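Since the model is a prediction, treat every value here as computed from it, not as a measurement.
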Amino acid sequence: MRRARAAALPIVRPDLVESYLAHRAAQGMNTDHKVRWGARALLAAVPDLADFCRLPLDRQLAFNHETHRFISWLSVTGRMQQGADYLVARRPRLGIVLARTEPELHLRCMETARTLGFRDAVAMTQFNLLGHFVALFGRRPDQLQQSDWDEGRRLLLGGPPHPEPRRQGPVHRPFNLGRRCFTAS
């Protein structure tokens, strides 16, 4: 019995797909046909990446795992801006992707967090939030302002932080590090 051959995807933005694969290869990550297909599937469905956030949320979430990895890379490298609804529903691990694309920034942020007395787990949660804000606002990490952190908190968490930091739950605590990640020396 012969297996059915998968339909060929149109080749859209091959330069972007190759850039993604080159980045993964440089990190020692897998670049097999599944990874390539995931990237090509998104670009075939949404040739203009600005249209992704206008898709219904269920359609955004319907892509496979490899496509979501490509979406994460696009988001942290400034090639695609995400909506808060997608980021909340999907909960991508953008901090890990951002750490791979901006390793010096990641080291600086982690060192600063340790200097300020934050545990590594909290600092990594903070860095993950930084990745979310990069995706949400379409800005480079060093271009984010405190107002972006405040607005990101509002959009992603649905409300202001508790007025007494000692009584905040674990969801709000990572926001206490805020912009200090880049300003302490």
> Out of curiosity, Arg91 CZ to Leu156 CG, how far, rounded to the nearest 0.5 Å?
Replying inline: 12.0 Å
>> For residues 19-42, which residue pairs pass the salt bridge (charged side-chain N to carboxylate O under 4.0 Å, His left out) check, not counting sequence neighbours?
In response: Glu18-Arg36
>> Checking the side chain of Gln60 only, and the main-chain atoms of Leu55 only, is there a donor and an acceptor separated by less than 3.5 Å?
In response: yes
>> Restricting to non-hydrogen atoms, name the atom on Leu94 and the atom on Gly131 that form the minimum distance, rounded to 0.1 Å.
In response: CD1-O, 3.5 Å
> Is His23 close to Met29 at the side-chain level, that is, under 4.5 Å between some pair of heavy atoms?
Replying inline: no
>> How long is the straight-line distance from CE of Met110 back to CZ of Phe127, given to the nearest 0.5 Å?
In response: 9.0 Å
> Are any non-hydrogen side-chain atoms of Met80 and Leu42 less than 4.5 angstrom apart?
Replying inline: yes
>> Any donor-acceptor pair under 3.5 Å linking the side-chain atoms of Thr67 with those of Asn64?
In response: yes
> Pick from Asn128, Val134, Leu136, Leu130: which one makes a side-chain contact (heavy atoms from CB on, under 4.5 Å) with His132?
Replying inline: Asn128
>> Are Leu155 and Leu57 linked, directly or through intermediate hydrophobic residues, by side-chain heavy-atom contacts shorter than 4.5 Å (ILVMFWY only)?
In response: yes
> Who are the salt bridge (Lys or Arg N to Asp or Glu O under 4.0 Å) partners of Asp51, not counting sequence neighbours?
Replying inline: Arg54
>> Any salt bridge linking Arg69 with Glu66? Criterion: basic side-chain nitrogen under 4.0 Å from a carboxylate oxygen.
In response: yes
>> To check you understand the geometry: which heavy-atom pair defines the closest contact between Gly83 and Cys53, and what is its length?
In response: N-CB, 4.4 Å
>> Test of understanding: with side chain to side chain contact (heavy atoms under 4.5 Å, CB included), list the residues that count as partners of Ala22, not counting sequence neighbours.
In response: none
> Do Val97 and Leu107 belong to the same hydrophobic cluster, where Ile, Leu, Val, Met, Phe, Trp and Tyr are linked whenever their side-chain heavy atoms lie under 4.5 Å apart, directly or via other members?
Replying inline: no
>> With a 4.5 Å cut-off on side-chain heavy atoms, are Glu102 and Arg108 touching?
In response: no
>> More than 12 heavy atoms of other residues, nucleotides or ligands under 6.0 Å from CZ of Arg93: yes or no?
In response: no
> Checking side-chain hydrogen bond (donor to acceptor under 3.5 Å, both in side chains) against Asp148, which of Arg153, Gln143, Arg139 comes through?
Replying inline: Arg139
>> Minimum heavy-atom separation for Leu61 and Ala89, please, with both atom names.
In response: CD1-CB, 3.8 Å
> Given side chains that start at C-beta, do those of Leu16 and Leu49 come closer than 4.5 Å, heavy atoms only?
Replying inline: yes
>> Tell me every residue that passes side chain to side chain contact (heavy atoms under 4.5 Å, CB included) with Asp15, counting only those two or more places apart in sequence or in another chain.
In response: Arg13
> Considering all heavy atoms of both residues, which atom of Ser19 and which atom of Trp73 are nearest to each other, and what is their separation?
Replying inline: OG-CH2, 3.8 Å
>> Under a 3.5 Å distance rule, please check whether Gln82 uses its side chain to pair with a backbone N or O of Leu87 as donor and acceptor.
In response: no
>> Measuring only between side-chain heavy atoms, which start at C-beta, is Thr112 closer than 4.5 Å to Thr115?
In response: no
> For Ala41 and Leu9, which heavy atoms make the closest approach, and how far apart are they?
Replying inline: N-CD1, 3.6 Å
>> Quick one, Leu98 and Pro141 - any side-chain contact, counting heavy atoms below 4.5 Å?
In response: yes
> Is there a side-chain contact between Val35 and Tyr20 (heavy atoms, below 4.5 Å)?
Replying inline: yes
>> Just to verify, what does Asp120 make a salt bridge (Lys or Arg N to Asp or Glu O under 4.0 Å) with, not counting sequence neighbours?
In response: Arg114
> ring pair (Phe, Tyr, Trp, His ring centres under 6.0 Å) with Tyr86: which residues, sequence neighbours excluded?
Replying inline: Phe52, His68
>> Any heavy-atom pair between the side chains of Phe70 and Ser75 that's under 4.5 Å?
In response: no
> Does Phe137 have Arg140 sitting over its ring (NZ/CZ under 6.0 Å from centre, angle to axis within 45°)?
Replying inline: no
